[in-house]
Amino acid sequence: MNLEELSVEERAALLSGGSEWDSRGNKRAGVPSFVMSDGPHGVRRQLGEGDHLGLGASKPATCFPTAGTVANSWDPDLAEEMGRALGREAHDLDVNVLLGPGMNIKRNPLCGRNFEYYSEDPQVAGRMASGLIKGIQSNGISACPKHFAVNSQELRRQASNSVIDERMMRELYLTAFEIAVREAAPHAIMTSYNQINGVYAHENKHLLQDILRDEWGFDGMVVSDWGGSNSAVAAAKAGGSLEMPSPGYTSVRELIAAVKAGELPESDLNARAAEVAKIAQLTRFEGVGRDDLLRDDIVAAHHDVARTVAENSLVLLKNDAVLPLRPGTRLAVIGDMACTPRFQGSGSSKVNATREENLLDELKACAGVTVAGYAQGYERQGAHNPALVNDAVALAGRVDVDAVIAVVGLDERSESEGLDRSTMAMPQAQNELIAALKTAGKPIIAVLVAGSPVELPWLDDGINAVLYVGLSGQAGASAAVRVLAGAVNPSGHLAETWPLRYSDCPSAGWYPETGRDVIYREGPFVGYRYYETAHVPVRFPFGYGLSYSDFTYSGLSVDGHSVDEHSVDEHSVDERGVSFVVTNDSDIPGATVAQLYVAGPAEPAGGVLRPARELKGFRKIRLGAHESKVVHIAFDRYTFRHYDAAAGAWRTQSGQWTLMVGTNVEDLPLAAPVTVPFIINDDEQTAPAAPVDTGSGNAGLHDAALADRALGHYLTGDVTHVTDAEVAALFGHDAIPSSAPSKFSANDPISSWKYSKGFAARTIARTLIRREAKIREKTGAPDLNVLFILNMPPRAMSKMTQGMVDSAMVDAVVRIANGHTLRGAGAFIAGFFRNRGANNRLAKELRS
Ligand code: BGC
């Protein structure tokens, strides 16, 4: 039966989830329901109804390294291999849609979910995500990249509005998604919780229709983040296909009413229903080998894949000739995380790993080195404990110890969905441990466990080597030991800049935003785009990573001509590119990451403001001892373009550009000028920018003097003094957003009720805040469900409760938030019975 022959009720019912993880099917139309499951680096197939934050038990599955770590491999083929394994597990565990990869741009190092995201750069994020998506989908499983889009902080995650101008949005925050959609054709995409310029992502027509579908050619399903939809009708009109998890029949009723009232064209309803039904067809499996636990051979094989991915992703940050460990080295192994490993982050991505390794056991099992002893060294939760430090120093000082392996890093509380980090510092207890260990006079090798950059005050002071393992998955420990012992030559490079200190970050002055409007004041100057332009020294530049081999780069040619003056032909940019030779000058095989950056023409008046360098391509190159290879990196639609917001088109600025090639953004030994003609990328005509609808006030709009001042701040590295008015002038925000609301609405998070004048609402918020802090302190891990509630606005109640709460009941809750406790409670109770009756009637109708 054709979908269009279904009743309006039946079609509307397809547009929301039937339970926490399942879509609704329709038997008459032969549309089965399908299962969605997290996540990005391992399948979390929950048992029973479960919650969506990983607290409920889930079937065992392989925990691969998280995206922040995999990105350091700079190897999309490896991501594809990992994706194939993930897709296979999804298949076997009865999952149809895998909710990943996470691919938001890392705007600030403190974002609690950065460990789940790839990079500060869209090329790296887009290409790595493409690999993973292709791998997942090669099994007939749908991938679902997330969170679309401009979603950079966890605080108020369901109740914030990202205010950003069209050019920066497209060039920085959307390009990664564009690459993934064009290269890997994901069947689905997940919208983010936030608004973009005043419109929720899941009902943002500009994003979902104009850009995603019309420009990029996406023809799949758009699913909301869990509880992230707002108006079911607005979503259906704008291109949001499926609301998850479970608004019950309340959304269905709203859709039916809108169709009947002529507010929602049936064509929109049909299009959305077809998008959902298509996923059911694409991922239809006829039972074979599904819904089981993973077979033992799969578990073993995928543990090895997880190890391979980790081996290629670990980054050697420092090495004063102490690594690889010499045969016979006797080691003191120090640090709680050597024994009790930490290899993934907290939140919905958390996997129930099939196996667990730890560094201490792996070192003990490693031929060629001996473990002389182990000491805990520090309390994981950061408490000061001199006895632990003294034990560690005594062990390090023993005559039978040649070198110290100190395993240090961030604990479970620091990196989590729902919670941004409060500092970039390492726990003080661990910094003190490192300082004390130096007194033992032995070489110290730090193994650093963290999903995001940390400040390393001790790096230049007596530490001999640092191996950054990130959050390296369930086989990360054996991978690390193989690198330490030299069985694997490290080849990871950082996919994000490590600043010297947090205050150097361009957005440090306004991150995370505590109010509703998150203004992207730093414009394009995120990560290395800022540090390079403003000449701010960093700890480790973007793209940085050491190896046990040395590599030389030589012989740059552009479009087949060796370096001199080049001109890129207007019509054949696609096939053109750079070639160069990379040589491994060492006696062992190794791998490096070759990176291509461009710099636009020297700034003529009225030219295009752009960062000093931008990554436009990269290649991971594996070379035998003393081997040389010619490497080609092609130009493509992304190489020279910028977005001209006024014209609504991608353009290429004519003039002399500079191409640079090397191993990190600050080490680019090859350079060549290239003359590029002016190109309007006609095949890429785009929709004009959507108006920014965030409030009042147009101060300084397009004011040249203000724009110059902002530019001056940026170029001198004084980014913290840029004002909102200057930003508006420079980047063309159409409005400067208003300040916080004076009254609570359905879209203000529960956490903001701590300021309510109503006793009940205030008490609820304060109690929850206290409870979360207490649990975090006590257990060493955040309480994700309480955090979720704190960040949640009342509107989400109607999206997560299987229809028990409708929008009228949400309005009643808002009354309570505004201090009208009794009237609100009365309306809530009356609404409960009315809603239940209406749901029952609709359920009966659908059944018949
Ligand atoms: C997260 C998503 C996740 C979903 C389902 C949300 O809270 O933001 O990334 O896929 O939950 O667990």
Side-chain angles (χ1 to χ4, degrees), residues 16-17 19-23 34-58 61 66-68 86 90 95-104 111-118 129 132-133 136 141-160 177 186 188-194 200-202 221-229 242-247 344-352 415-420 749 782-793 795-797 799-800:
S16 50
S19 71
E20 187 73 32
W21 302 111
D22 302 283
S23 74
F34 52 84
V35 177
M36 289 155 274
S37 194
D38 289 301
H41 50 263
V43 181
R44 187 165 62 80
R45 177 67 168 121
Q46 273 198 333
L47 303 163
E49 261 297 286
D51 61 285
H52 79 281
L53 290 170
L55 303 184
S58 57
T66 71
L86 274 172
V95 169
N96 303 61
V97 180
L98 201 56
L99 302 175
M103 49 184 304
N104 294 91
C111 172
R113 285 188 97 167
N114 274 358
F115 72 90
E116 274 189 75
Y117 300 146
Y118 289 106
L132 198 89
I133 293 165
I136 292 170
I141 302 294
S142 293
C144 184
K146 62 192 186 183
H147 309 89
F148 190 61
V150 204
N151 175 209
S152 319
Q153 69 174 57
E154 287 300 289
L155 187 71
R156 295 182 62 117
R157 68 186 186 138
Q158 295 201 51
S160 76
F177 286 100
I189 198 165
M190 185 192 289
T191 47
S192 52
Y193 282 129
N194 51 291
Y200 279 102
H202 199 63
M221 173 183 80
V222 175
V223 58
S224 74
D225 198 346
W226 266 227
S229 55
L242 176 65
E243 279 185 281
M244 284 302 288
S246 49
Q344 59 176 326
S346 305
S348 61
S349 68
K350 191 150 188 195
V351 181
N352 177 10
E415 293 173 288
S416 174
E417 179 173 336
L419 191 69
D420 300 306
D783 183 322
L784 296 168
N785 278 340
V786 179
L787 270 180
F788 188 86
I789 295 170
L790 283 169
N791 283 317
M792 183 181 85
R795 81 164 199 284
M797 291 178 185
K799 306 293 175 188
M800 317 250 339

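Every number for a ligand or one of its atoms is a count from 1 in the order of the listing.
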*Does a salt bridge link E417 with K350, judged by any charged N lying under 4.0 Å from a carboxylate O?*
no

*asked:* side chain to side chain contact (heavy atoms under 4.5 Å, CB included) for H41 and S349? Distances and angles first, verdict last.
replied: CA-CA 7 Å; H41 50 263; S349 68; 3.4 Å; yes

_Partner set under side chain to side chain donor-acceptor pair (under 3.5 Å) for Y118, not counting sequence neighbours_ = none

*Measuring from the heavy atoms of M36, does anything fall under 4.0 Å of ligand 1?*
no

*Polar proximity ligand 1 side, Y193 side, N/O cut 3.5 Å exclusive*: yes

_Option whose closest heavy atom lies nearest to atom 10 (O) of ligand 1, chosen from L784, V223, D38_ = D38

*From M800 CE over to M244 CE, what is the distance, rounded to the nearest 0.5 angstrom?*
9.5 Å

*Nitrogen or oxygen of E417 less than 3.5 angstrom from that of ligand 1*: yes

*Output the list of atoms in ligand 1 that are nearer than 4.0 Å to some heavy atom of R44, sorted by atom number.*
12 (O)

*Out of S192, P40, P101, which one pairs with K146 under the side chain to side chain contact (heavy atoms under 4.5 Å, CB included) rule?*
P40

*Side chain, backbone, both or neither: which part of E20 has a heavy atom under 4.0 Å from ligand 1?*
neither

*Please could you name the atoms of ligand 1 that M190 approaches to less than 4.0 Å, counting only its heavy atoms?*
10 (O)

_One residue to check: R113. Relative to ligand 1, which of side chain, backbone, both or neither has a non-hydrogen atom less than 4.0 Å away?_
side chain

*Atom indices of ligand 1, in the order listed, that fall short of 4.0 Å to a heavy atom of H147*: 2 (C), 8 (O), 9 (O)

_Going by side chain to side chain contact (heavy atoms under 4.5 Å, CB included), W226 matches just one of K799, M36, Q158. Which one?_
M36

*Relative to the heavy atoms of R157, which atoms of ligand 1 are at a distance of less than 4.0 Å?*
7 (O), 8 (O)

*Could you tell me which atoms of ligand 1, counted from 1 in the order shown, lie closer than 4.0 angstrom to a heavy atom of K146?*
2 (C), 3 (C), 9 (O), 10 (O)

*Report the residues that fulfil side chain to side chain donor-acceptor pair (under 3.5 Å) with N104, sequence neighbours left out, ordered by chain and then residue number.*
Y117, H147

*Option nearest atom 2 (C) of ligand 1 (shortest heavy-atom distance, choices L99, D225, N151)*: D225

*Taking M190 as the fixed residue, which of V97, V222, V223 is the one that meets the side chain to side chain contact (heavy atoms under 4.5 Å, CB included) rule?*
V223

